[in-house]
Amino acid sequence: MVEHPLDVGRVRGSNPLSRTMRILAIETSCDETAISIIEAKGAKSKAQFKILANNVATQINIHQPYGGVVPMLAKREHIKNLPILLEKTLKEAKLKINDIDKMAVTIGPGLEPALWTGIVFAEEIAKTNKIPLVPVNHMEGHIFSILVPEKKKTFKTLDVKFPALALLVSGGHTEIILIKDWLKYEKIGQTRDDAAGEAFDKVARLLGLPYPGGPEISKLASEMRHDPSHITLPRPMLRTPDFDFSFSGLKTAVLYMVQKIEILTLDIKKQIAREFEDAVIDVLAFKTFKAVKKYKIKTLIVAGGVAANRRLKEVFEIEAKKEKIKLLFPTRELATDNSLMIALAAYFQKNKKRASSQKLKAQGNLEL
Ligand code: KG4
Ligand code: ZN
C-alpha cells in the first residue's frame with residue numbers, strides 16, 4: 001500500500017494506532033536556542049497539531065552590549081542551553097526521548113557556528129536513540145509559523161488557497177516567495193543589500209537604542225504616529241519594475257540626518273523612527289501588493305521577525321482587504337525565531353530517504 005508521504009513515519013511511543021507523530025524540533029540559527037515538541041496527524045491539507053512543549057532561551061542580554069549578535073558568543077550559549085532546554089522540554093511534554101518519532105533541526109540559513117551547535121546536538125541524540133532526523137530550512141519554518149493561532153495548544157492546518165505569496169522579513173532576509181502549492185517555492189524578489197530587520201537594528205543603533213532595534217523603533221514610532229512630522233526619508237526602489245528591495249541607502253540617509261542634528265532629543269528620535277518605519281513599510285507593501293496583483297494571489301503570508309511590527313500588520317490588513325485576499329500573519333510571539341515553526345515545517349516536508357552515514361551540514365546561505 002502506498003501511504004501518503006506525511007503519514008509515513010515510524011510508529012513509536014504509546015499511540016501506534018492513531019498514527020500520531022511526535023516531533024521534537026531544535027532551532028539554533030541565530031541568538032535564540034529553541035526546542036519544542038508537537039504531536040501531529042493527518043495529510044497536509046487537514047493535519048491536526050497539538051503543542052506539547054515550546055521553549056525558547058533568548059540570548060538578547062548577552063549580545064546587547066555589542067549592539068548585535070556575536071556568532072561565537074551565540075555558539076557558546078547554545079552549547080550551554082541545549083541540554084538544559086531538552087530536559088525541560090521533555091519534562092513539560094511528559095515524555096521520554098524514546099517517545100519521539102521524528103526529530104528536526106534547522107540547517108540554514110543563519111550563522112554557521114550557531115547552526116552547527118544544533119546540528120551536532122540533534123545528530124547525537126538521534127543516533128543514540130535511533131530517531132529519524134530531518135533537516136529544515138529556517139525560512140520555510142517562518143512560513144509555517146502562521147499556522148499557530150493565538151493562545152491555543154491544538155489547531156488544524158489553515159485553508160491556504162494557492163497561488164499564495166510569502167513576504168519573509170527577518171534580521172537576515174527580505175524576500176518575496178511565490179508559493180504555487182505546499183512546498184513549491186519560487187523566489188521572485190529580494191533585498192539587494194540589508195534585510196529589513198537589519199535596517200531596523202542599524203537605525204536603532206544610530207538613534208542610541210538597544211538591540212534588537214525593531215521593537216524599539218516601533219515603540220517610538222507609535223508614540224509619534226498621530227503627530228505631524230517634519231522629517232522625510234527616501235522610499236528606495238519603490239518604482240523599479242522588479243520585486244527587489246534595498247534598505248542600506250535608507251540607513252545611510254538616517255546616518256547623514258543624525259550627523260547634522262546637534263542634539264538628538266527624544267522628540268526628534270520619535271520623528272525619525274516613525275518616518276523610517278513608514279519608509280520601510282511603504283516599499284514592503286508596494287512591492288508585495290504589486291506581486292499580489294501580477295500573480296493573482298489568493299493568500300498572502302507575512303512572516304519573520306519584522307512581521308511582529310504592528311504598523312506593518314495594520315497597513316497590510318488595509319491593502320489585503322482592498323484586494324479581497326486572505327492575509328496570514330504569525331502571532332507576535334512566533335514571528336521571531338522559535339522551534340515550533342521548525343517542527344511544523346518538518347511535518348509538512350516530504351520524507352526524503354537519507355543514508356544514516358550522510359551527515360547534516362550547516363548552510364549559512366541555504367535558499368528556499
Ligand atoms: O526572524 P528573526 O527573529 O531572526 C532572523 O531570522 O533574523 O528576526 C529578527 C529581526 C530583528 O532584526 C528585529 O529587529 C526584527 O526582527 N524585529 C522587528 C520587530 N520585532 C523584531 N522589526 C520591526 N518591528 C518589530 N516589532
Ligand atoms: Zn528567523
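From a predicted model like this one, the values you see are computed outputs, not experimental measurements.
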Chemist: Within this structure, what is the NZ-CD1 distance for the pair Lys130 and Ile97, rounded to the nearest 0.5 Å?
Modeler: 13.5 Å
Chemist: In the single-linkage hydrophobic clustering (I, L, V, M, F, W, Y; side-chain heavy atoms under 4.5 Å), do Met103 and Ile84 co-cluster?
Modeler: no
Chemist: Under 4.0 Å between a Lys/Arg side-chain N and an Asp/Glu carboxylate O for Lys219 and Glu223?
Modeler: yes
Chemist: For Glu92, look at atom CD and say whether over 12 heavy atoms of other residues, nucleotides or ligands are found less than 6.0 Å away.
Modeler: yes
Chemist: Could you grab the distance from atom OG of Ser218 to atom CD1 of Ile281, nearest 0.5 Å is fine?
Modeler: 8.0 Å
Chemist: Using atom types as modelled and distance alone, determine if a side-chain donor or acceptor of Asn137 lies under 3.5 Å from a backbone N or O of Met139.
Modeler: yes
Chemist: Return the orientation label for the Phe200 and Phe276 ring planes: parallel under 30°, perpendicular over 60°, tilted otherwise.
Modeler: perpendicular
Chemist: Give a yes or no on whether a salt bridge exists between Asp31 and Lys75, defined as a side-chain N under 4.0 angstrom from a carboxylate O.
Modeler: no
Chemist: Might you work through the side chain to side chain contact (heavy atoms under 4.5 Å, CB included) test for Glu123 and Val105, ending with a clear yes or no?
Modeler: CA-CA 9 Å; Glu123 279 197 318; Val105 66; over 6 Å; no
Chemist: Mind checking salt bridge (charged side-chain N to carboxylate O under 4.0 Å, His left out) for Lys293 and listing every partner two or more places apart, or none if nothing turns up?
Modeler: Glu323
Chemist: So which atom in Thr288 and which in Leu165 form the shortest heavy-atom distance, rounded to 0.1 Å?
Modeler: O-CD2, 3.7 Å
Chemist: Under 3.5 Å, side-chain donor or acceptor atoms of residues 297-314 against the rest of the protein: list the pairs with distances, not counting sequence neighbours.
Modeler:
from	atom 1	to	atom 2	distance (Å)
Thr299	OG1	Lys161	N	3.0
Thr299	OG1	Lys161	O	2.8
Asn309	OD1	Arg311	N	3.0
Asn309	OD1	Leu312	N	2.9
Asn309	ND2	Glu277	OE2	2.8
Arg311	NH1	Glu314	OE1	2.8

Chemist: How long is the gap from OH on Tyr347 to CG on Leu147, to the nearest 0.5 Å?
Modeler: 12.0 Å
Chemist: Given the rule in the side-chain hydrogen bond (donor to acceptor under 3.5 Å, both in side chains) test, do Glu27 and His138 qualify, once you have shown the distances and angles that lead to the verdict?
Modeler: CA-CA 8 Å; Glu27 152 70 41; His138 180 81; 3.0 Å; yes
Chemist: Under a 3.5 Å threshold, yes or no: a donor from one side chain and an acceptor from the other, between Ser339 and Ser36?
Modeler: yes
Chemist: What are the two closest non-hydrogen atoms of Glu367 and Lys187, and how far apart are they?
Modeler: OE1-NZ, 2.6 Å
Chemist: From Ser145 OG over to Ile342 CD1, what is the distance, rounded to the nearest 0.5 angstrom?
Modeler: 9.5 Å
Chemist: About how many Å separate CG of Asn338 and CG of Leu344, when rounded to the nearest 0.5 Å?
Modeler: 8.5 Å
Chemist: Report the C-alpha distance between Leu73 and Gln59 in whole Å, list the side-chain angles of each, state the deciding distance to 0.1 Å, and finish with yes or no for side chain to side chain contact (heavy atoms under 4.5 Å, CB included).
Modeler: CA-CA 9 Å; Leu73 286 183; Gln59 305 174 4; 5.9 Å; no
Chemist: For residues 259-266, tabulate all N or O donor-acceptor pairs below 3.5 Å that involve a side-chain atom, not counting sequence neighbours.
Modeler:
from	atom 1	to	atom 2	distance (Å)
Thr265	OG1	Ile268	N	3.2

Chemist: Linking I/L/V/M/F/W/Y whenever their side-chain heavy atoms sit closer than 4.5 Å, directly or via other members, would Leu233 and Leu207 fall into one cluster?
Modeler: yes
Chemist: Does one hydrophobic cluster hold both Tyr295 and Ile143, with members joined at side-chain heavy-atom distances below 4.5 Å?
Modeler: no
Chemist: Salt bridge or not for Arg235 and Glu275, using N-O below 4.0 Å?
Modeler: yes
Chemist: Is the backbone N or O of Ser248 less than 3.5 Å from a side-chain atom of Thr252, with the two atoms forming a donor-acceptor pair by type?
Modeler: yes
Chemist: At what distance, to the nearest 0.5 angstrom, does OH of Tyr211 lie from CG of Asn61?
Modeler: 12.0 Å
Chemist: Can you tell me if NZ on Lys50 sees more than 12 non-hydrogen neighbours from other groups inside 6.0 Å?
Modeler: no
Chemist: Which heavy atom of Leu24 sits nearest to which heavy atom of Ile26, and what is that distance?
Modeler: CD2-CG1, 3.9 Å
Chemist: Just by distance, with hydrogens left out, do Thr58 and Glu32 show a side-chain donor and acceptor under 3.5 Å apart?
Modeler: yes
Chemist: For Glu198 and Lys202: C-alpha separation, side-chain torsions, deciding distance, then whether salt bridge (charged side-chain N to carboxylate O under 4.0 Å, His left out) applies.
Modeler: CA-CA 6 Å; Glu198 189 180 358; Lys202 286 179 175 169; 3.2 Å; yes
Chemist: Identify whether the distance between the nearest side-chain nitrogen and carboxylate oxygen of Arg192 and Asp242 falls below 4.0 Å.
Modeler: yes
Chemist: Please determine whether a side-chain nitrogen of the Lys or Arg among Arg22 and Asp101 lies less than 4.0 Å from a carboxylate oxygen of the Asp or Glu.
Modeler: no
Chemist: Count the heavy atoms of every other residue, nucleotide or ligand shown that sit under 6.0 Å from CG of Asn365, and state whether that count exceeds 12.
Modeler: no
Chemist: Could you check whether the rings of Phe247 and Phe245 sit parallel, tilted or perpendicular, using 30° and 60° as the cut-offs?
Modeler: parallel
Chemist: Would you say Leu115 and Phe121 are hydrophobically clustered, going by side-chain heavy atoms of ILVMFWY under 4.5 Å?
Modeler: no
Chemist: Could you go step by step and tell me if Met341 and Val136 meet the side chain to side chain contact (heavy atoms under 4.5 Å, CB included) rule?
Modeler: CA-CA 10 Å; Met341 65 186 198; Val136 175; over 6 Å; no
Chemist: Applying salt bridge (charged side-chain N to carboxylate O under 4.0 Å, His left out), run through Asp193 and Lys251 and close with a yes or a no.
Modeler: CA-CA 11 Å; Asp193 39 58; Lys251 167 206 66 193; over 6 Å; no
Chemist: Could you check whether Lys287 pairs with Asp244 (Lys NZ or Arg NE/NH1/NH2 to Asp/Glu carboxylate O, under 4.0 Å)?
Modeler: no
Chemist: Evaluate the side chain to side chain contact (heavy atoms under 4.5 Å, CB included) criterion for residues Ile217 and Asp201: first the C-alpha distance (whole Å), next the side-chain angles of each, then the deciding distance (0.1 Å), finally the verdict.
Modeler: CA-CA 9 Å; Ile217 299 250; Asp201 295 337; over 6 Å; no
Chemist: Grab the two heavy atoms, one from Ala104 and one from Ala346, that are nearest each other, plus how far apart they are.
Modeler: CB-CB, 3.4 Å
Chemist: Will you find, in the side chains of Glu140 and Tyr185, an N or O donor that is under 3.5 Å from an N or O acceptor?
Modeler: yes
Chemist: Check the hydrophobic clustering (I, L, V, M, F, W, Y; side-chain heavy atoms under 4.5 Å; chains of links allowed) and say if Leu334 and Ile146 are grouped together.
Modeler: yes
Chemist: Will you find, in the side chains of Thr33 and His78, an N or O donor that is under 3.5 Å from an N or O acceptor?
Modeler: yes
